[in-house]
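Protein chains get the first letters and strands the later ones, always in sequence-line order, with residue 1 at the start of each. Model, not experiment: these values are computed from the prediction.
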Protein chains: 2
Amino acid sequence: MNLKELSALLGLSQTTVSRALNGYPEVSEATRRRVMQVADEHNYRPNTRAKALATGRAMAIGHVIPLSTQHEMMNPIFGDFIAGAGESYSQAGYDMVLSLVADEDQSRAYHEMFAKRNVDGIVLHAPKMQDSRITMLQEIGLPFAVHGRATDITTPYSWLDVNNTSAFRRATDFLLDLGHRHICLVNGQESMDFAFRRREGYAAALQARDIAPDPALMFAGEMTEVYGYDTVRRTQSLETPPTAYLVSSIIAAFGVRRAIEELGLVMGRDVSVITHDDDLSYLRNGAEVPVFTSTRSSVRVAGRRLAKLLISQIEEPCASPLTELLEAELTVGRSTGPAPHRT
Amino acid sequence: MNLKELSALLGLSQTTVSRALNGYPEVSEATRRRVMQVADEHNYRPNTRAKALATGRAMAIGHVIPLSTQHEMMNPIFGDFIAGAGESYSQAGYDMVLSLVADEDQSRAYHEMFAKRNVDGIVLHAPKMQDSRITMLQEIGLPFAVHGRATDITTPYSWLDVNNTSAFRRATDFLLDLGHRHICLVNGQESMDFAFRRREGYAAALQARDIAPDPALMFAGEMTEVYGYDTVRRTQSLETPPTAYLVSSIIAAFGVRRAIEELGLVMGRDVSVITHDDDLSYLRNGAEVPVFTSTRSSVRVAGRRLAKLLISQIEEPCASPLTELLEAELTVGRSTGPAPHRT
DNA sequence: CAACACATTTAAAGCGCTTTGGAGGCAAAA
DNA sequence: TTTTGCCTCCAAAGCGCTTTAAATGTGTTG
């Protein structure tokens, strides 16, 4: 069923039917109702491609996901982010198109998305500190919004980020207040902007109490279970092992816990752990009482909001860039306790 | 840059330019080269929307992801599947469009995808045993392929599946060979087709050795870490606790391991564990030596192959449905060993 | 040299929609 | 009665591409 057939059926012109369906005022309420009803009966939906061609709006938003080295796609937080964004999109009538590309093809992918004009905007994932993609998109002139920020980019752009610095500063303070003095940072890869900011927060808290950050206690790597496990095994054999771990991801935190338990230590008594918790739907941090004390910020909510932000950006093209900074909340679980006295 | 401008630039008609770019034979090699070059210089890409409208092919494939109850999207395997599918899509020049919808809107979503004509085909995720979506899509007449199967649907359709039955039968046999007689099945939700098939395999292996499957040792649920943990805690306090666990997901297996270690038992000595391993890129089963003995089958490869299968289905519409059954491989790790003698 | 086949190229229609610029009808105002 | 304005509705152009049918040139043959 297309518009032509539908309007023939109704004995009206295509113009009128189109207007009736799109809520234009030049149609009497009576005919509008009639049109609506018949359209509904025949389950009519305008052909997206034709509509997009006519309006110049694709009603779709692109996500370019680098496949290979960065492992972004496989990043377990991605699913939840997409789920959140998808909610906003379907609410606003947008489709989501994913383009999975090898790292080296990324630049081409963005240009192509623009030239092919099958999206109205793009979400940028996992920004690095100086991310060339941002300036590229600015030059191209395709609306975009970044999940995170790129510290070294000074020109304004739209973004949504968690306040990583304050979250990790607060978590570190919490541990310091509990008497911990040897706090190990189990961070993500430092080329990532969020990891940099977390380290800043961690270092700032220490320095505020005149503690020099110890490089031997600061780790950066891909946030896997094994990474968390290995880091604990390695650090617990130091001369003065850390009494607390500040972890960047709940997956790594699982590894941290495993190593702690394997060493015969009790988490929350012998060793304290705080993790950042993206509130992933399939990796819940305990049921009623959270297992881990954590800085929590739902990545799903982030997806939802960033999508909205981008949509309003698209629909109001002249407006200046929009930004949103989410504060993580510190949730106390059973993984933290006062620093044990050294024997 | 659009076709009109490009052909004006070249001093050729749109027809010729279009043909040159699309590899039609009615164009001299000389002009083709010239066209190609100028198009390249100006970074020309045909407008997808216009092309789709003219050809009737959207060059896009849809994935409808139910959001709420089923938690399919958040399912951690989803990311890897999508990554695999994405590889095949971009290779073949297709886009991937995701539609995240609430469970109750699913039927509407499929009809809409068809009516809006913005995809050429659909991938169906997480089929249940009698899945109404399959018959619905057959009626609609939109090409589709299923990741998994629906036991109760008898009409032919395209699918790709892991041989869940044989995988779990083989794993159970392996445990039986090691002398285990009380094997606990930690399965996924039994409305899911794959879970049903796995139980079938498990039961068949037991029955082949005249062991009656014990309902007290068969669990079904959402495959979270906590679910695995709880199941072990619960079963280890039985009168005759199981000496082995057969687990449906590596995430649940992490919980199984945690509970085992917490009980002071040693995995592979006191209790054996086999898990199904989807070979997720961010949850590797150990480095050199796998931690878990597992039935392994890469869900990413599955995505890649299913996408190809669907594409050939789309491009050869009259052909009969295609199917592919992947065999999981049994990888022996350190989580299994001979059944301990009862004290 | 005319006639033909063949290789290139083109004009124009059409894909299904939106939207501009009118047209027709009718009631109120002149 | 004519004019004006408003309310409905419509014909047709146009979005950027493909594709059919036809036109143009070029070389070959009788």
### For atom CD of B:E26 and atom P of D:dT24, their distance in whole Å
19 Å
### Query
Once you round to the nearest 0.5 Å, how far does NE2 of A:H111 lie from CG of A:D105?
13.5 Å
### Query
In residues 30-54 of chain A, which ones come under 4.0 Å of DNA chain D, going by heavy atoms?
A:T31, A:L53, A:A54
### Query
Which distance, rounded to the nearest 0.5 Å, do you find between the OG of B:S7 and the CG of B:L12?
7.5 Å
### Query
For B:M36, which residues count as a side chain to side chain contact (heavy atoms under 4.5 Å, CB included) partner, sequence neighbours excluded?
B:L21, B:R32
### Task
Not counting sequence neighbours, which residues clear side chain to side chain contact (heavy atoms under 4.5 Å, CB included) with B:D278? List them please.
B:I77, B:H276, B:L280, B:V299
### Query
What does the inter-axis angle of the helix from C:dC1-D:dG30 to C:dA30-D:dT1 come out as, five pairs per end, nearest 10 degrees?
80°
### Task
Would you please test B:N2 and B:N47 for side-chain hydrogen bond (donor to acceptor under 3.5 Å, both in side chains) and show each step?
CA-CA 8 Å; B:N2 60 24; B:N47 181 315; over 6 Å; no
### Query
Taking atom P of D:dT18 as reference, at what distance in whole Å does atom CG of B:L6 sit?
11 Å
### Query
Taking only residues two or more places apart in sequence or in another chain, which ones pass side chain to side chain contact (heavy atoms under 4.5 Å, CB included) with B:S13?
B:T15, B:T16
### Query
Tell me the salt bridge (Lys or Arg N to Asp or Glu O under 4.0 Å) pairs involving residues 129-156 of chain B, sequence neighbours left out?
B:D131-B:R133, B:R149-B:D161
#### Entry: Listed once per pair and sorted, the side-chain hydrogen bond (donor to acceptor under 3.5 Å, both in side chains) pairs that draw on residues 317-326 of chain B, sequence neighbours left out
B:R305-B:E324
### B:R108 charged N/C atom sitting above B:Y110 aromatic ring, 6.0 Å / 45°
no
### Message
Among residues 8-24 of chain A, which ones have heavy-atom contacts with DNA chain D below 4.0 Å?
### Response
A:G11, A:L12, A:S13, A:T15, A:T16, A:R19
### Message
Once side chain to side chain contact (heavy atoms under 4.5 Å, CB included) is applied, do any residues pair with A:Q91, and if so which ones, sequence neighbours excluded?
### Response
A:K308
### Task
For DNA chain C, note the earliest and the latest nucleotide, 5' to 3', having some atom under 4.0 Å of a heavy atom belonging to chain B.
C:dT8 to C:dG16
### Task
List in chain and number order the residues that pass ring-ring contact (aromatic ring centres under 6.0 Å, His included) with B:H63, two or more places apart in sequence or in another chain; answer none if no residue qualifies.
B:Y89, B:H125
### Summary
To the nearest 0.5 Å, atom CZ of B:R117 lies from atom CZ of A:R45 at 13.0 Å
#### Entry: Pairs satisfying salt bridge (Lys or Arg N to Asp or Glu O under 4.0 Å), at least one member in residues 10-25 of chain B, at least two apart
none
